[in-house]
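Note sheet for the following structure.
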Amino acid sequence: HPAPTPPAAVPGPPPPLPYLEQSMMVWKDAIERGLPREDFATVARAALDVAVRTGKQDEAVAAKHILLAQSCRVRIKLETVLCQGAGRQAREHLLLAQRRHFLNSMQMHPASEMVANNTATLAELSPAWPMLQVSAPVDKALEAIPEWTRVVSLHLSDDKSMLYLACVRNPLEGKPPADAKPKGGVDKKAPAVEGEEEEEELPCALVERVTLDPPRLSALLKQMLRYKVDMERFLSKEPEPDPSTKRRASVVSQEEPPPSPGPVSPAKGKSDSPKKGGSKKVDKDAADTKAEPEPALPAEIRKEHPPTLPKPVLKTALIEEGWASLMLAFEEMFADLQGTLLEAFKPLMIADAPPMQVLLLLDPLLAPLPWEALSVFKGAACVARDFSIHTMLHRLNAMHTRFPPDPKGGYVGGVNPSSFRYMVDLHSEDDGPPEPPAEGMPLVQFPFRSSKKMVDTIQVDFGQKTSYAKEWNGLVGEKNQVFGDGMLEGVMNTAEALLYFGMGRFLSYLGSQTVSRTKMSRCQLAVLMDQVRNSEVFKKQQLNDARRSRDEVQGEQPYETAALLSMRGVSTVVVNSLAVLADEHCCLLHNLFSALSEGGPVGPIVKQAAASRHNAVALLEKGRGESRGKSIPKKDAKSVEIPQIEGEESSLPRLVYMPYNTIVYGLPNLPVLPGRK
């Protein structure tokens with residue numbers, strides 16, 4: 001008999017996977033399940049864990065997961081900003097709350113009928129809904145990055161002890177030409193320096209993990225906040241006159257009459273002048289200097305130029321010392337980060353490469369810091385900001401729909417400089433430069449304001465002297481007049497480009513709820529020339545902030561302002577970070593619109609205008625007598641004209657942070673059409 005056939009072996013359980021592979025499977029499964037259910041907190045933690053475990057083994061995969069984790073965290077932040085600004089009774093707030101209830105509390109499937117109806121309603125009614133989407137693959141967003149642009153993502157861990165860096169570029173970006181030479185003049189075909197061949201073969205993604213000290217980071221953020229508050233308080237006060245400057249004519253105060261000169265013998269005066277331990281020669285010179293009378297002015301000159309006080313000066317040493325101390329602590333904390341970024345920028349260090357553009361995707365906690373002032377970004381054509389890689393993708397898709405890419409390069413169409421609508425000094429708080437005191441009046445501090453009123457700057461300097469601004473229209477504040485929400489919404493709703501030129505913070509004057517219920521899908525560019533301070537505005541702002549909660553005040557900061565405008569449909573937002581003077585804003589506005597009228601991308605134009613303002617003031621202070629009211633040569637400062645400065649004792653103070661104060665949120669390559677000359 002044949003031998004019995006042995007029973008077939010029952011397959012046992014597969015051998016257990018290594019711990020790391022099991023963890024990766026769990027994290028990826030959490031990402032796949034969490035994205036449809038909009039569990040963004042879980043997805044952010046899982047994506048960051050995948051990026052940490054992948055590390056340098058596959059930098060492209062690690063960078064994608066860092067970008068995904070940042071998009072999920074920013075998605076939560078943007079929804080919070082929208083709901084706080086709109087209010088609890090706003091329809092978008094109610095629809096988003098209903099959606100969270102369906103998906104989280106009731107555990108509904110994302111494809112259910114009620115969730116689908118909610119999605120359709122949000123897509124139809126809310127312009128913010130496309131900005132809140134993170135479902136698009138990160139690979140699609142990377143392929144949409146403009147050429148010669150580096151996207152730098154900075155993402156903080158939950159405990160603020162780690163900073164994750166991801167520097168990416170478009171994977172389809174062409175390699176540099178073979179005959180291109182580096183800036184040093186060495187041929188890349190015959191490398192003379194070790195490692196030069198590797199510059200062309202660098203990956204399109206670079207990741208790094210930087211260890212941070214949370215108390216030190218908290219101290220740096222507090223130092224930045226303290227400097228910001230000090231600048232608001234300092235620039236709101238009138239400066240003290242410079243004691244080293246003499247008056248051209250003597251003004252006698254009634255409270256302190258001058259001592260009557262009496263007969264004093266030279267010997268007695270000489271014996272009384274030297275002090276114990278002092279130098280007789282120095283005291284003699286000082287006595288001669290004090291005794292020297294001031295030359296009298298002719299009567300005709302006294303009538304045309306009444307006696308004035310010494311020229312006002314800002315104690316710029318306090319501003320410069322505070323800024324230097326802040327930048328020193330900032331550079332020291334992120335020194336390792338800058339070294340890594342230098343490696344990422346190597347492929348653009350060739351002679352024939354176009355200027356490099358940098359797009360920063362910052363963690364919301366790091367937004368108040370002046371990243372544009374870091375030394376690693378000094379050679380970039382512009383440094384712009386955005387909130388996440390998915391918000392960048394949405395902006396690019398909207399811009400390509402309106403301005404299609406040209407096969408020859410650039411875009412078809414662009415923002416027209418003559419399409420701006422403005423809102424100028426809505427509460428009429430700008431009184432302009434005060435008149436100097438008349439002869440015989442008591443001593444008062446002479447204010448530092450020398451530029452025109454904001455209304456005159458827009459209506460006269462632009463409306464009458466430039467052809468592209470003759471078509472501008474908007475709202476101008478008047479005394480005892482308050483604009484209603486309907487008028488403000490009408491300007492923002494119909495504007496293709498918006499200009500706000502006024503005092504204080506933008507949202508504190510218009511209101512977050514007014515902006516939150518306005519649809520601004522037509523607006524491509526919003527230029528917010530706010531943060532102007534004087535003593536009256538500063539006091540009103542303090543009283544207004546004291547009556548509101550901390551979240552309401554935080555909702556009016558530059559990051560939240562740009563986020564709210566972006567969710568209402570604005571493509572690119574230009575906003576200020578620190579307090580400024582009216583003179584600074586007036587010159588910056590002239591330079592900005594002079595460059596905008598020539599056409600080009602928005603990012604380099606804004607950087608050029610801010611740097612031109614800085615150089616123009618330096619040149620003006622260097623040659624005050626020759627440059628007053630004249631055009632600044634283009635080789636010295638890329639500016640068209642400095643506003644007229646009236647009076648010999650007037651001066652434009654120089655703020656060291658002005659080149660980095662104007663921030664671009666959105667697309668740095670937004671095209672602008674040349675204006676009519």
Side-chain angles (χ1 to χ4, degrees), residues 224 227-228 230-232 234-235 314 316-331 334 338 355-360 362 367-385 451 527-533 558 562 572-596 600-622 627 632-643 651-665 668:
M224 182 65 200
Y227 183 77
K228 182 177 181 179
D230 290 344
M231 286 300 98
E232 292 180 359
F234 179 73
L235 297 180
L314 283 175
T316 54
L318 300 177
I319 302 176
E320 294 176 357
E321 290 176 2
W323 180 259
S325 175
L326 176 65
M327 288 306 302
L328 179 61
F330 190 29
E331 295 268 359
F334 298 99
Q338 296 191 70
M356 176 183 62
Q357 295 181 352
V358 179
L359 184 64
L360 292 176
L362 296 176
L369 297 176
W371 293 93
E372 291 79 4
L374 285 180
S375 57
V376 70
F377 299 132
K378 293 295 178 64
C382 68
V383 180
R385 298 186 183 186
S451 61
V527 180
L528 307 183
M529 292 287 133
D530 57 350
Q531 301 281 3
V532 180
R533 292 289 190 273
T572 302
V573 182
V574 180
V575 67
N576 288 320
S577 177
L578 298 173
V580 294
L581 296 172
D583 290 337
E584 296 280 352
H585 254 3
C586 185
C587 288
L588 176 60
L589 198 66
H590 279 77
N591 291 339
L592 178 60
F593 279 95
S594 173
L596 285 175
V602 169
I605 286 176
V606 173
K607 182 177 180 180
Q608 172 188 340
S612 301
R613 166 69 187 123
H614 198 63
N615 296 336
V617 174
L619 182 63
L620 188 63
E621 293 180 347
K622 183 178 180 181
S627 302
I632 301 300
K634 197 169 184 179
K635 61 181 181 179
D636 296 327
K638 298 177 181 179
S639 169
V640 288
E641 186 176 355
I642 296 297
S651 64
L652 286 175
R654 181 180 180 182
L655 304 180
V656 293
Y657 55 77
M658 281 302 294
Y660 321 106
N661 190 41
T662 308
I663 302 175
V664 178
Y665 277 95

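Of all the heavy atoms in W323 and L578, the pair that sits closest is CZ3-CD1, 4.3 Å. Closest of all the heavy-atom pairs between A610 and P659 is CB-O, 3.8 Å. Between V532 and L581 the shortest heavy-atom distance is CG1-C, 4.4 Å.
Every residue meeting the side-chain contact (heavy atoms from CB on, under 4.5 Å) condition with L592, not counting sequence neighbours, appears here in chain and number order: V527, M529, L596, I605, V606, A609. By the side-chain contact (heavy atoms from CB on, under 4.5 Å) test, P601 pairs with P604, sequence neighbours left out. For Y665, the ring-ring contact (aromatic ring centres under 6.0 Å, His included) partners at least two apart in sequence or on another chain are F387. Looking at residues two or more places apart in sequence or on another chain, you find no side-chain contact (heavy atoms from CB on, under 4.5 Å) involving K607. Residues meeting the side-chain contact (heavy atoms from CB on, under 4.5 Å) test with A324, sequence neighbours left out: none.
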Side chain to side chain contact (heavy atoms under 4.5 Å, CB included) between N576 and T662, worked out: CA-CA 5 Å; N576 288 320; T662 308; 3.4 Å; yes
Step-by-step side chain to side chain contact (heavy atoms under 4.5 Å, CB included) determination, L326 to Y657: CA-CA 11 Å; L326 176 65; Y657 55 77; over 6 Å; no
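Atom CZ of F330 and atom OG of S375 lie 10.0 Å apart (nearest 0.5 Å). Atom CE of M224 and atom OG of S577 lie 5.0 Å apart (nearest 0.5 Å). Annotation: the span from I319 atom CD1 to M658 atom CE amounts to 11.0 Å, rounded to 0.5 Å. How far CE of M327 is from CG of L374: 5.5 Å, rounded to the nearest 0.5 Å. Note that NE2 of H590 is 11.0 Å distant from CG of L588, once rounded to the nearest 0.5 Å.
Within the structure, salt bridge (Lys or Arg N to Asp or Glu O under 4.0 Å) contacts touching residues 367-381 (residues at least two apart or in different chains) are E372-R385.
Looking at L235 and V580, their side chains never come closer than 4.5 Å, going by heavy atoms from C-beta outward.
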